[in-house]
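Worksheet: the structure to be examined is printed underneath.
Keep in mind that what you see is a predicted model, and the values were worked out from it rather than measured.
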Amino acid sequence: MEIRVRENAVLQKIAELDRRGAAGELGYKNLPQVLRHAVRWDLSTARKWVANAGLLGTEITPTGSELAPELPVTAEAVAEGALSVEHVAVVAEVMKALPAEAEDSVVSFAREHEPSAVRAFGKELAYRLYQDDPEPRDADPAPQVNQHVMRWKNGQLEIRALLDTVTGAKYEALLDPLVKPRPETAEDGPDLRSRAEREGDALAELVDLMLRADQLPEHGGEPVTLTVTLRYEDLAEQVGQATLDNGERVPADQVRQLACDAGIIPLVLGERSQPMNIGRKTRTFPAGIRRILVARDRGCAFPGCGRPPKQCDAHHIHHWANGGDTSVGNGVLLCRHHHTLIHQSEWDVAMVHGIPTFYPPRWMDEHRNPRRNLLHAAA
């Protein structure tokens with residue numbers, strides 16, 4: 001209480017210096033600059049004290065009469081030692097959106113609560129007062145505009161987006177179930193990805209989900225399609241690079257993963273890489289086979305993974321580039337993470353008695369004992 005009384009005394013002195021034009025008399029541009037040198041305050045702190053002093057101090061008119069403070073109820077509470085300088089700043093902030101008669105309610109609340117709670121109280125009070133009417137003191141806000149900027153940089157697509165409130169909430173709702181850390185398992189251990197990495201992977205999964213949707217708009221007269229150009233020999237041997245239809249390049253082993261469950265347009269190249277023949281787009285795992293895989297695997301078949309079917313790709317156990325066929329017996333559902341793991345690690349998968357069975361790398365299990373997803377089996 002005593003500290004706040006002294007703070008009020010300082011505010012009154014600052015207000016008096018401001019009224020007298022002390023800064024100009026001392027050769028300074030403004031009063032915060034004076035306080036910066038005289039009291040050794042940071043400039044931001046000095047500006048805050050000067051602003052608060054202006055709200056609480058009285059003003060002398062040219063005729064010699066006094067004008068009441070801008071926030072008289074607040075000034076009275078500060079003089080009593082009931083409010084701090086931080087309270088004053090918050091009360092002034094919330095009163096910008098409230099009528100003058102609301103100051104009593106705000107100050108009464110401030111006498112019993114910390115500044116952050118006063119700010120929340122002020123917002124709630126403004127909402128209740130104006131929830132059925134446009135804000136009387138401000139012009140109607142400009143309509144929110146969605147913005148999206150894409151730029152390729154070092155082989156990666158950099159995305160910046162600004163979404164309106166409703167669209168942003170929908171976007172968060174779409175990503176949220178995909179952002180959660182993967183459950184810790186004996187095979188994968190804990191999920192060590194940062195929040196940003198998990199959100200990036202979630203966006204990648206969302207793209208895959210959309211590509212499998214049945215109602216995407218057409219683009220150029222046909223459903224959304226990605227064209228990948230690569231020599232067949234390179235694909236079979238997992239060497240070299242492929243070219244996407246936007247000019248970017250991806251390694252051959254990544255193309256093998258793309259080819260598992262995507263719309264593919266094969267483009268056969270001659271010896272000098274000239275196009276010789278272009279085939280029709282084929283979906284390697286049609287809807288009928290995928291439904292059977294969903295009924296059998298009930299989600300990602302990798303041991304310990306609980307991802308549902310809608311978040312999974314259909315993977316060729318024996319890759320079609322090596323002669324594997326597109327069939328239930330040669331397919332298995334894998335989430336994006338484990339699909340990538342199977343393609344890029346020494347994990348193997350095979351069908352044993354009609355059930356997807358996985359074999360870990362030798363560095364993990366010398367005997368490579370078979371493992372199954374018991375979560376889905378139990379379900």
Side-chain angles (χ1 to χ4, degrees), residues 173-193 198-216 256-264 282-320 324-361 364-365 368-379:
L174 284 172
L175 283 188
D176 186 61
L178 305 175
V179 172
K180 297 177 181 178
R182 292 188 296 270
E184 181 174 349
T185 65
E187 291 76 17
D188 293 334
D191 190 344
L192 300 179
R193 295 174 299 167
R198 285 189 281 113
E199 289 182 351
D201 288 341
L203 178 57
E205 286 193 50
L206 188 60
V207 171
D208 288 341
L209 288 171
M210 289 300 298
L211 287 175
R212 289 196 292 270
D214 297 328
Q215 298 179 344
L216 286 179
R256 291 168 66 92
Q257 181 176 342
L258 285 172
C260 276
D261 194 21
I264 300 295
T282 59
R283 184 166 292 278
T284 55
F285 279 94
I289 294 180
R290 182 177 174 85
R291 292 191 191 103
I292 298 174
L293 294 177
V294 168
R296 185 195 70 194
D297 297 343
R298 301 177 182 175
C300 179
F302 194 88
C305 184
R307 293 281 191 179
K310 66 179 181 179
Q311 297 176 18
C312 296
D313 300 328
H315 166 73
H316 284 87
I317 295 175
H318 182 49
H319 202 278
W320 65 268
D325 60 352
T326 300
S327 65
V328 174
N330 193 42
V332 59
L333 290 185
L334 294 172
C335 70
R336 182 182 180 88
H337 167 67
H338 291 118
H339 195 178
T340 302
L341 182 68
I342 288 294
H343 276 276
Q344 297 184 356
S345 72
E346 297 177 6
W347 275 90
D348 289 323
V349 56
M351 296 299 295
V352 178
H353 304 301
I355 300 174
T357 304
F358 295 79
Y359 300 87
M364 182 183 296
D365 180 352
R368 306 198 73 189
N369 292 312
R371 306 183 186 187
R372 289 177 50 204
N373 189 325
L374 299 180
L375 292 177
H376 296 310

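- Under the side-chain contact (heavy atoms from CB on, under 4.5 Å) criterion, Pro370 pairs with Thr357, Tyr359, sequence neighbours left out.
- Under the 4.5 Å side-chain criterion, counting only non-hydrogen atoms from C-beta, Arg198 is not in contact with Leu175.
- Between Leu334 and Cys300 there is a side-chain heavy-atom pair separated by less than 4.5 Å.
- Met351 pairs by the side-chain contact (heavy atoms from CB on, under 4.5 Å) definition with Arg296, Ile317, Pro356, not counting sequence neighbours.
- Annotation for Pro309 and Leu333: closest pair CB-CD1, 4.4 Å, computed over non-hydrogen atoms.
- Annotation: the span from Leu341 atom CG to Arg336 atom CZ amounts to 13.5 Å, rounded to 0.5 Å.
- Contact record, Ala301 with Asn373: O-CB, 3.1 Å, taken as the closest heavy-atom pair.
- Looking at Asp297, its side chain never comes within 3.5 Å of a backbone N or O of Val332 through a donor-acceptor pair.
- Residues passing the side chain to side chain donor-acceptor pair (under 3.5 Å) test with Arg371 are Glu187, sequence neighbours excluded.
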| field | Worked check of ring pair (Phe, Tyr, Trp, His ring centres under 6.0 Å) between His315 and His338 | value | CA-CA 10 Å; His315 166 73; His338 291 118; over 10 Å; no
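- With sequence neighbours excluded, no residue satisfies salt bridge (charged side-chain N to carboxylate O under 4.0 Å, His left out) with Glu346.
- For the ring-ring contact (aromatic ring centres under 6.0 Å, His included) test, residues two or more places apart in sequence or in another chain that qualify with Phe358 are Phe302.
- For the salt bridge (charged side-chain N to carboxylate O under 4.0 Å, His left out) test, residues two or more places apart in sequence or in another chain that qualify with Arg368 are Asp348.
- Ala202 and Val179 get closest at one heavy-atom pair: CB-CG2, 3.6 Å.
- Closest non-hydrogen pair, Asp365 versus Pro360, comes out as CB-CG, 3.6 Å.
- Atom CG in Asn330 sits 10.0 Å away from atom NE2 in His319 (nearest 0.5 Å).
- To the nearest 0.5 Å, atom CD of residue Glu205 and atom SG of residue Cys312 are 8.5 Å apart.
- Considering all non-hydrogen atoms of both residues, Asp201 and Arg193 come closest at OD2-NH1, 2.9 Å.
- Taken to the nearest 0.5 Å, the NE2 atom of His316 stands 10.0 Å off from the NE2 atom of His318.
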